[in-house]
*Asks:* 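Sharing a structure with you now.
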Amino acid sequence: MSLLGNIIWFIFGGFFTALGWAIVGLLWCVTIIGIPVGVQCFKFAGLSLFPFGKEIQFGGGAGKFLLNILWLIFGGFELAVAHVTFGIVLCCTIIGIPFGLQHFKLAKLALLPFGAEVISK
């Protein structure tokens with residue numbers, strides 16, 4: 001089921017969400033200090049291409065907390081709003097509910113990407 005979901009996801013918008021993550025990652029990589037943040041964005045761009053069959057576990061720490069605050073200010077909020085908007089629109093139809101739930105998962109990740117770990121089911 002997750003293979004079919006990933007194929008449909010990629011065709012109908014997964015590419016564009018991954019492109020959003022990649023653009024933000026490129027903007028972070030412009031500075032030397034932002035390269036670790038950009039690399040994290042590229043990892044989540046890959047997740048955004050094929051999100052079905054994967055779970056996200058959130059961890060913490062002082063350094064990750066500070067990075068999450070900087071991330072939220074400089075790019076995470078916009079990506080989270082985009083994912084929530086897509087999720088709401090997709091949940092308006094019965095067929096779109098699984099895809100909307102994936103957008104909500106990615107929205108939470110867009111708010112707190114540091115300390116998050118992607119795990120395959």
Side-chain angles (χ1 to χ4, degrees):
M1 180 64 184
S2 60
L3 176 66
L4 180 63
N6 281 328
I7 291 170
I8 294 171
W9 174 271
F10 181 78
I11 292 171
F12 292 107
F15 174 75
F16 295 111
T17 58
L19 187 63
W21 280 99
I23 288 171
V24 172
L26 286 174
L27 290 174
W28 273 99
C29 285
V30 169
T31 65
I32 293 174
I33 296 172
I35 289 175
V37 179
V39 170
Q40 191 77 358
C41 290
F42 296 137
K43 289 179 188 176
F44 292 133
L47 171 68
S48 185
L49 280 175
F50 304 109
F52 286 91
K54 295 183 176 115
E55 289 182 4
I56 302 170
Q57 288 184 347
F58 293 94
K64 293 173 184 167
F65 176 73
L66 293 173
L67 279 173
N68 278 328
I69 292 195
L70 286 174
W71 166 256
L72 189 61
I73 295 169
F74 295 112
F77 184 73
E78 292 82 6
L79 285 171
V81 168
H83 282 299
V84 167
T85 304
F86 289 140
I88 290 171
V89 169
L90 286 169
C91 283
C92 290
T93 64
I94 293 173
I95 296 172
I97 290 174
F99 301 101
L101 294 176
Q102 295 302 317
H103 273 293
F104 293 138
K105 176 172 70 173
L106 290 170
K108 184 177 178 184
L109 182 65
L111 289 175
L112 302 167
F114 296 99
E117 187 177 338
V118 179
I119 299 171
S120 296
K121 288 184 184 178

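Worth knowing before you read on, the calculation uses all heavy atoms, side chains too, and leaves out hydrogens, waters and symmetry mates. In this text the structure is predicted, and so the values were computed from the model without any measurement.
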*Asks:* Measuring from Cys41:SG to Ile23:CD1, what's the distance to the nearest 0.5 Å?
*Replies:*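 If we round to the nearest 0.5 Å, Cys41:SG and Ile23:CD1 are 11.5 Å apart.
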*Asks:* In the single-linkage hydrophobic clustering (I, L, V, M, F, W, Y; side-chain heavy atoms under 4.5 Å), do Leu90 and Ile94 co-cluster?
*Replies:*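 Unlinked, Leu90 and Ile94 end up in two clusters.
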*Asks:* Using 0.5 Å steps for rounding, measure from the CD1 atom of Ile8 to the CZ atom of Phe52.
*Replies:*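 If we round to the nearest 0.5 Å, Ile8:CD1 and Phe52:CZ are 8.0 Å apart.
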*Asks:* Same cluster or not: are Leu19 and Leu47 linked, directly or through other Ile, Leu, Val, Met, Phe, Trp or Tyr residues, by side-chain heavy atoms under 4.5 angstrom apart?
*Replies:*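 Not linked; separate clusters.
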*Asks:* Which donor-acceptor pairs under 3.5 Å do the side chains of residues 108-115 make with protein atoms, sequence neighbours left out?
*Replies:*
none

*Asks:* Testing the basics here: between Ala45 and Ala22, what is the closest heavy-atom pair and its distance to 0.1 Å?
*Replies:*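 Where Ala45 meets Ala22 most closely, the heavy atoms are CB-N, 4.1 Å.
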*Asks:* Does the side chain of Thr17 reach to within under 4.5 Å of the side chain of His103, using non-hydrogen atoms?
*Replies:*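 The answer is yes, as the side chains (C-beta and beyond) meet within the 4.5 Å cut-off.
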*Asks:* I'd like to check Phe50 versus Trp9 (side-chain heavy atoms, cut-off strictly below 4.5 Å). Are they in contact?
*Replies:*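 Side-chain contact under 4.5 Å: no.
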*Asks:* Please report the shortest heavy-atom distance between His83 and Ala107, naming the atom on each side.
*Replies:*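 Between these two residues, the closest heavy atoms are CB-CB, 3.7 Å.
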*Asks:* Would you find more than 12 non-hydrogen atoms of other residues, nucleotides or ligands less than 6.0 Å from Ile73 atom CD1?
*Replies:*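 Yes - once you tally the heavy atoms of other residues, nucleotides and ligands closer than 6.0 Å, there are more than 12.
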*Asks:* Count I, L, V, M, F, W, Y as connected when their side-chain heavy atoms are under 4.5 Å apart, and connections chain through other members. Are Trp21 and Val118 then in the same cluster?
*Replies:*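 The answer is yes; both residues are in one hydrophobic cluster.
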*Asks:* When you measure from the side chain of Ser48 to the backbone N and O of Phe44, does any donor-acceptor pair fall under 3.5 Å?
*Replies:*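 No.
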*Asks:* Rounded at 0.5 Å granularity, tell me how far CG in Leu106 sits from CZ in Phe86.
*Replies:*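 It comes to 11.5 Å.
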*Asks:* Would a distance-only check, ignoring hydrogens and angles, find a side-chain to backbone donor-acceptor pair under 3.5 Å from Lys105 to Pro51?
*Replies:*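 Yes; judged by distance alone, with no hydrogens or angles, the pair exists.
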*Asks:* When you compare the side chain of Val24 with that of Trp71, does any pair of heavy atoms fall below 4.5 Å?
*Replies:*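 They are in side-chain contact.
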*Asks:* With the 4.5 Å side-chain cut-off for hydrophobic clustering, are Phe58 and Leu79 part of the same group?
*Replies:*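 Yes, Phe58 connects to Leu79 through the hydrophobic network.
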*Asks:* Quick one: closest heavy-atom pair of Thr93 and Gly96, and the distance?
*Replies:*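 In this case the closest contact between Thr93 and Gly96 is OG1-N, 3.1 Å.
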*Asks:* Using every non-hydrogen atom in the two residues, find where Cys29 and Gly38 come nearest and quote the distance to one decimal.
*Replies:*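 Heavy-atom minimum between the residues: SG-CA, 3.7 Å.
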*Asks:* What's the separation between atom CH2 in Trp28 and atom CD1 in Ile35, rounded to the nearest 0.5 Å?
*Replies:*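 It comes to 12.0 Å.
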*Asks:* Just checking Ile95: does its CD1 atom have more than 12 heavy atoms from other residues, nucleotides or ligands closer to it than 6.0 angstrom?
*Replies:*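 Check fails, neighbour count at 12 or below.
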*Asks:* Are any non-hydrogen side-chain atoms of Phe104 and Ile88 less than 4.5 angstrom apart?
*Replies:*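 Heavy-atom side-chain distance check passes, below 4.5 Å.
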*Asks:* Can Val37 be reached from Leu72 by stepping across I, L, V, M, F, W or Y side chains whose heavy atoms are under 4.5 Å apart?
*Replies:*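 Shared cluster, yes.
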*Asks:* Working to the nearest 0.5 Å, report the span between CG of Leu70 and CZ of Phe65.
*Replies:*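 Going from the CG atom of Leu70 to the CZ atom of Phe65 covers 10.5 Å.
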*Asks:* Lys64: which residues meet the side chain to side chain donor-acceptor pair (under 3.5 Å) condition with it, sequence neighbours left out?
*Replies:*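 Once residues adjacent in sequence are excluded, Lys64 has no partner under the side chain to side chain donor-acceptor pair (under 3.5 Å) criterion.
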*Asks:* Rounded to the nearest 0.5 Å, how far does CZ of Phe10 lie from CZ of Phe16?
*Replies:*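 These two atoms lie 9.5 Å from each other.
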